[in-house]
Amino acid sequence: MEWLLSLTPDFILEFALEFWGWLPMWLQVLAENMLYIVMIMVPLMLCVAYVTYAERKIIGYMQVRLGPNRVGPKGWLQPIADAVKLMFKEVIIPTNSNKFLFLFAPILTLGPALAAWAVIPFFDGVQLSNLNAGLLYILALTSMGVYGVIIAGWSSNSKYAILGALRSAAQVVAYEIAMGFALVGVLMAAGSLNLGDIIARQAGGFTSWFWLPLFPLLAVYFISGVAETNRAPFDVAEGESEIVAGFHVDYSGMAFAVFFLAEYANIILIAALTSLMFFGGWMSPFGSMADHALLGDGTHWFILKTMFFIYMFLWFRATFPRYRYDQIMRLGWKVFIPVTIVWIFVEAVMVVMQWGPWAVETVAAVGGA
Amino acid sequence: MLENYIPVLIFICVGLFVGVAMIALGGFILAPSKPDEVKNSPYECGFSAFEDARLKFDVRFYLVAILFIIFDLEIAFLFPWAIVLEDVGLFGILAMGIFLGILVIGFIYEWKKGALEWE
């Protein structure tokens with residue numbers, strides 16, 4: 001910013017300041033926040049576009065093919081070409097559908113998937129809003145996804161869509177419980193709903209992150225995240241061999257693209273949350289080198305960890321065969337919920353007895369001795 | 001503290017607006033619109049739809065929804081408890097232990113009753 005200010009002539013600067021001061025208060029707040037939101041949203045949209053590219057490329061290589069390689073050098077422009085194609089495709093609105101809800105469903109799916117990023121801390125203090133109820137807000141917004149699915153399935157008035165919506169809703173709802181329990185475990189360890197505090201509690205390098213003491217909850221959370229986003233191997237909602245595409249079978253063109261964007265935005269969100277809550281977010285794995293430019297704390301660690309978990313999503317899809325529906329429900333209700341309840345009890349005892357590695361006093365005492 | 005929520009509110013509005021703008025721009029300005037009867041019929045593998053799609057559905061989906069409400073409420077109760085756990089100590093564990101214990105008994109009951117079975 002400094003060099004930019006020194007380049008601009010003084011009278012423009014003065015005019016800009018004058019103009020800024022002259023604006024009403026609410027407009028100032030709005031303009032400032034809009035700037036930050038654009039700064040979050042534009043990279044996020046680019047990420048979404050290139051995660052779709054990465055998915056096709058990585059799965060391609062895993063299946064010993066090349067993946068997209070025609071549009072642009074090595075296929076790098078493929079996502080742009082796809083976006084342009086979808087933009088010029090007709091949006092078909094079926095005659096029997098409920099037209100308002102039919103168009104509202106993708107919007108309702110995309111909105112929360114983007115809005116959840118408002119509380120994600122990219123670095124110490126670098127976040128749009130430092131909410132004290134940050135995790136609660138995230139939980140609320142990720143729960144909104146199921147409405148989009150149900151509304152889409154019901155409003156398109158097609159048998160495949162409604163079957164897909166029912167399956168998907170029951171699955172999302174079942175895994176949300178396991179996910180919620182896993183979050184309770186994180187809260188107990190962190191003692192705060194504030195995402196910044198949750199990361200601050202994990203200070204001290206690789207071994208003091210929550211993944212170690214909360215390992216069962218990490219596994220439950222991440223697998224539930226895969227199920228929540230209806231990704232393989234839990235993608236019965238859109239199992240193309242049975243119910244073609246599930247709840248969005250009747251969507252085309254941009255309405256479909258919005259669902260698609262929301263799905264990938266949710267994948268990135270789950271990956272980011274996993275790295276925030278269990279892997280220390282922007283914390284460096286080398287606790288003793290926190291001030292080093294490259295190996296120390298920084299946003300690049302957050303991005304690296306998030307990328308790793310996105311890669312896990314793609315890896316799962318290339319590796320595992322699809323679960324049967326009764327197996328999915330059994331895993332959610334009969335494995336994950338008991339596991340999380342037991343671990344919450346174990347953890348509660350550990351927290352109260354100050355046994356956990358997260359107990360700040362214990363760490364300090366050991367360090368002092 | 002409440003001013004922290006203004007950016008969040010703006011972000012939610014922007015998030016919804018992005019969806020609206022994309023569908024409006026892509027779907028109704030750039031894209032062609034040539035509807036015909038067959039194109040606008042619901043997808044049914046080439047058959048024309050012979051009845052309304054809003055069918056009766058399996059009661060187990062309804063059961064899952066009811067179980068979800070119970071467990072989700074339980075999580076809502078656990079959230080504040082988890083945050084103050086270090087302060088309430090052993091008493092907190094015992095109180096929540098009784099509460100969770102009752103729910104676990106209910107959970108075992110519905111497990112034995114077969115409410116969680118899918119054929």
Side-chain angles (χ1 to χ4, degrees), chain A residues 29-30 33-34 36-37 86-96 103 106-107 110-112 114-115 118 128-132 136-137 156-160 162 166 170 173-174 177 180-181 184 187-188 191-193 244 249-250 253-255 257-258 325-326 329 333-334 341 348-349 351-352, chain B residues 1 4-8 10-12 14-16 18-20 22-23 25-28 30-35 37 39-45 49 52-55 57-58 61 64-65 67-68 71-72 75 78-79 82-83 85-86 89-90 92-93 96-97 100 104 107 111 116-119:
Chain A
V29 171
L30 189 70
N33 281 314
M34 285 302 281
Y36 292 141
I37 289 170
L86 282 167
M87 236 181 272
F88 288 96
K89 286 275 181 186
E90 180 175 353
V91 176
I92 299 167
I93 303 175
T95 326
N96 295 332
L103 290 176
I107 296 164
L110 183 66
L114 295 178
L128 182 67
S129 173
N130 189 14
L131 282 194
N132 271 338
L136 199 59
Y137 171 74
S156 41
N157 204 353
S158 154
K159 291 185 190 82
Y160 292 101
I162 204 152
L166 279 174
V173 142
I177 296 168
F181 272 127
V184 169
L187 287 184
M188 281 157 63
S192 171
L193 277 165
V244 278
V249 62
D250 268 324
M254 223 42 202
V258 171
Y325 196 69
D326 62 314
M329 293 312 261
W333 287 102
K334 294 190 175 176
I341 289 181
V349 173
V351 168
V352 172
Chain B
M1 222 54 238
N4 273 342
Y5 288 86
I6 294 171
V8 172
I10 299 174
F11 208 139
I12 292 175
V14 172
L16 291 175
V18 167
V20 174
M22 280 168 66
I23 290 184
L25 181 76
F28 296 100
L30 292 177
S33 177
K34 301 188 193 76
E37 199 189 333
K39 194 195 270 179
N40 283 4
S41 66
Y43 176 81
E44 201 122 318
C45 290
D52 199 68
R54 278 140 200 181
L55 312 156
F57 58 84
D58 197 327
F61 289 110
V64 165
L67 292 178
F68 166 71
F71 278 95
D72 217 33
I75 291 166
L78 279 169
F79 261 64
I83 294 170
L85 183 63
E86 278 169 66
L90 203 61
I93 292 193
M96 196 42 90
L100 270 185
V104 167
F107 185 62
W111 188 323
L116 306 176
E117 303 293 334
W118 289 76
E119 300 304 308

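All figures in this text were calculated on a predicted structure; none of them were measured in a lab. Proteins come first, then strands; the chains are lettered A, B, ... in the order of their sequence lines, and each starts at number 1.
Between chain B and the residues A:L114, A:L136, A:L103, the most heavy-atom pairs under 4.5 angstrom are made by A:L114. Heavy-atom pairs under 4.5 Å with chain B peak, among A:A348, A:P106, A:A174, at A:A348. Chosen from A:L110, A:L86, A:L128, A:L30, the residue pairing most often with chain B at heavy-atom distances under 4.5 Å is A:L128. Ranked by heavy-atom pairs shorter than 4.5 Å toward chain A, the options B:L67, B:L90, B:I6, B:D72 are led by B:L67. Between chain A and the residues B:P35, B:A82, B:G19, the largest count of heavy-atom pairs under 4.5 Å involves B:A82.
Residue A:V184 is tested with B:I75, B:I83, B:L85 for a side-chain contact (heavy atoms from CB on, under 4.5 Å); the sole match is B:I75.
For A:I162, the part lying near chain B is the side chain, with the backbone staying farther off; criterion is any non-hydrogen pair under 4.5 Å. Heavy atoms closer than 4.5 Å to chain B are found in both the backbone and the side chain of A:L193. Only the backbone of A:K89 comes within less than 4.5 Å of a heavy atom of chain B; no side-chain atom from C-beta onward does. The contact between A:N157 and chain B is made by backbone and side chain atoms together, counting heavy-atom distances below 4.5 Å. At a 4.5 Å heavy-atom cutoff, the contact between B:L16 and chain A is made by backbone and side-chain atoms alike. Heavy atoms of A:I341 lying under 4.5 Å from chain B belong exclusively to its side chain. The contact between B:F68 and chain A is made by backbone and side chain atoms together, counting heavy-atom distances below 4.5 Å.
Under a 3.5 Å cut-off, the side chain of A:S129 and the backbone N or O of B:Y5 do not form any donor-acceptor pair.
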Please determine whether side-chain contact (heavy atoms from CB on, under 4.5 Å) holds for the pair A:M254 and B:L25, giving the CA-CA distance in whole Å, both sets of side-chain angles, and the decisive distance to 0.1 Å.
CA-CA 9 Å; A:M254 223 42 202; B:L25 181 76; over 6 Å; no
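One distance of note links CZ of B:F11 with OH of A:Y36; it measures 14.0 Å at 0.5 Å rounding. Here CG of B:N4 is found 12.5 Å from OH of A:Y137. Values are rounded to the nearest 0.5 Å. Taking CD1 of A:I37 as the start and CD1 of B:I10 as the end, the distance is 5.5 Å to the nearest 0.5 Å.
Surrounding CZ of B:F79 are more than 12 heavy atoms belonging to other residues, nucleotides or ligands, all under 6.0 Å away.
Using a 4.5 Å cut-off on side-chain heavy atoms (C-beta onward), B:W111 and A:W333 make no contact.
The two residues B:V8 and A:A118 have their closest heavy-atom pair at CG2-CB, 4.2 Å. What you find for B:K34 and A:E90 is that their closest heavy atoms are N-OE2, 3.2 Å. Nearest heavy atom pair, residue A:A115 against residue B:I12, reads CB-CG1, 3.7 Å.
By the 30° and 60° cut-offs, the orientation of the rings of B:F61 relative to A:Y325 is tilted.
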